[in-house]
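What follows is a short report on a single structure.
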Number of protein chains: 2
Amino acid sequence: MTRTSSQPSIASVAAAAGVSPTTVSHALSGKRAVSPETRERILQAIEDQKYRPNMVARSLRRRKTQSIALIVADITNPYYPALARAVHDSLAEAGYVSLIGNTDGVRENEQTMLEEMVARGVDGVIMRPMELSGREIREIVGPAIPVVVVADEDETGPVDRVTTDDAQGIDEAVHALHEDGIDDLGFVGDPLASTSMSRHAAFTSAVDELGLRVQADWIVDSEFTRDGGYAAARRLLALEHRPRGIVCANDLIAIGVVQAARDLGIAVPGELAVVGFDDIDTASLMSPALTTVLNPAAAVGATCADLILRRIADPAMEHQRVSLPTRLVRRESA
Amino acid sequence: MTRTSSQPSIASVAAAAGVSPTTVSHALSGKRAVSPETRERILQAIEDQKYRPNMVARSLRRRKTQSIALIVADITNPYYPALARAVHDSLAEAGYVSLIGNTDGVRENEQTMLEEMVARGVDGVIMRPMELSGREIREIVGPAIPVVVVADEDETGPVDRVTTDDAQGIDEAVHALHEDGIDDLGFVGDPLASTSMSRHAAFTSAVDELGLRVQADWIVDSEFTRDGGYAAARRLLALEHRPRGIVCANDLIAIGVVQAARDLGIAVPGELAVVGFDDIDTASLMSPALTTVLNPAAAVGATCADLILRRIADPAMEHQRVSLPTRLVRRESA
DNA sequence: TTGTAGGCGTTATCAG
DNA sequence: CTGATAACGCCTACAA
């Protein structure tokens, strides 16, 4: 009896079962009939050897890796884990595994990450880009790989899109503020991030529609982080004439803003109303509880997974664009 | 001139540069000298064709995938993203990519996930197991794959370990409560999760050391979630004679406990002191701010990555066990 | 119902 | 300094 220390292979199983590798392969895939007795022997051998097909060999041969890339700015932003988990679950069900990449939203990283994933032969890419457009992404990954982008571009580009109707929520927020007599409004967001841009645009149009005047220096830049929001607010709130309400591009920023206000002795919501975006867990738990726009992360993730699976199944399908609703969750901060 | 629509391969590059695939391979790997002129031509051809090596073919041949599995219970638990990000960053630097798996802490999923990752040929596994022991994990993945486990088993098993000194923090917590005259202490955690078990053990020994008596029904079970904590607390706080302080196995549970107390009209910290574990972001932001034990997620992640890289570099290295400190962060809830 | 042979794209070995 | 050749483990015509 020969004992090899190496991993069992389809060949070793075949040998043990007294059949050809071909038959083992078919017994596994069911793509061809195998007599009950041989199948039995094969299954037995597989069990004995604890055989599991080598996925990398299979991938090379099939030209499919059963893996998809999930590329986000920063998994540490509480918005993403919910999205990632939903993607993971839907995909796992279909036998896919997720490769995850963080880009910090910087253009070069986004590009490098995409190239790396393509080189690794992922069967699809789900990405929430901050700087790259759908068109640029398609350019980088080539024509053959399914791409689902989470972004708010209107452009109907060469990728599938999952969008949230951010304008809806922002609009509700601005109107709510207005109804409370708060018309001096500022916005803090990241002019480099597309997500932020579209929220900014929504803010601007809501404000315009209401005929409100917003000072140029009430629009301030910040990364999508607490620290960014804090720093931005320190600047904004130091202005001689400062806004009485601030709409933030995400909750992390809003949290930073609330902290800055507190440190400056400015009462929230009394002297300053703050509204966030995303509705991360912390929003409802913090004090003052954050008024924010609910961003359905899990639904977005599930939709992405669904879309990528559908496109893998039908590459010729016309490009999809699904939009998920968004709504204001009124709490204490505004 | 021939135009193929397929991806460029090492062969197409070789053809364009007028050399053999072997030479291209060496030009890329640097494992063998290549004359400046040929190298130049090769690089040019690579650029022209936008060639990138096919990682799956490379993996098959090299028997290395430059990927590692990161297996956790639930990426949605705010403790994990910080860990995952640290792992991701350290690994990316070394050219590795992370496959992420969620198990919800259930034994069967832990096993299946491990098998899947092994079949995919990961070069290492970083796992925070809830039910599987280091020994069992090693059993499943076989002897050859580096495994780093984040767990508190003392057992010096066949894997590398990163531990946090949970006992330290819990001990500080129990003592702090005691010094405040709070001696009726309860604990809520998950009897199935090893992480929770060790924290429970630490709680018990701290309490014993102080000579405190804890009622059997003050130890209650809960999953590592907010809802779990809420439900557990509803039961616990309905007791005729209830504890005046509750130590929780993690922050999510603690948040649920605080909410239950609020809903029951029990003042925190006035009538009930609550301490959590992990120090997730929300802990410092919520109201009352959560007193909790700081669990250095990012440091744990970085250490895991470091360890797995070291073992890949030196498979014969003796099994490591590194312990990271933990400490009480006193805030409002206790 | 089963088997043989060739190849997926790369790298390691051996030869020149 | 450079090439031919084989092999990594699997799948799929093509044959029987």
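All values reported here derive from a predicted model rather than from experimental measurement. To find a chain, count down the sequence lines: A is the first, B the second, and so on, and within it residues start at 1.
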Next on the checklist: On the nucleotide dA12(C), are OP1 or OP2 found under 4.0 Å from the side-chain N or O atoms that Lys31(B) carries?
Outcome noted: yes
Next on the checklist: Using OP1 and OP2 only, check whether a side-chain N or O of Arg63(A) sits under 4.0 Å from dC8(C).
Outcome noted: no
Closest to the [X] side chain, choosing from [options]:
X        : options                  : answer
Val19(B) : dG3(D), dT4(C), dG9(D)   : dG3(D)
Leu60(B) : dC8(D), dT11(C), dT10(C) : dC8(D)
Tyr51(A) : dT2(C), dT2(D), dC10(D)  : dC10(D)

Checklist entry - Which pairs pass salt bridge (Lys or Arg N to Asp or Glu O under 4.0 Å) with one or both residues in residues 29-42 of chain B, sequence neighbours excluded? => result none
Checklist outcome for this item: When rounded to whole Å, the CG to P distance for the pair Asn54(B) and dT11(C) reads 10 Å
Checklist entry - Of Arg61(B) and Arg32(B), whose nearest nucleotide on DNA chain C comes first from the 5' end? => result Arg61(B)
Taking any heavy-atom pair under 4.0 Å as a contact, classify [X]: base, sugar-phosphate, or nothing.
X        : result
His26(A) : base
Thr38(A) : sugar-phosphate
Pro21(A) : nothing

Item to check | Main-chain N/O of Leu132(B) paired to Glu110(B) side chain as donor or acceptor, under 3.5 Å | outcome: yes
Checklist outcome for this item: In Asp123(A), Asp160(A), Asp306(A), the residue satisfying salt bridge (Lys or Arg N to Asp or Glu O under 4.0 Å) with Arg311(A) is Asp160(A)
Item to check | Rounded distance (nearest 0.5 Å) linking atom CE of Met127(A) with atom OG1 of Thr103(A) | outcome: 5.5 Å
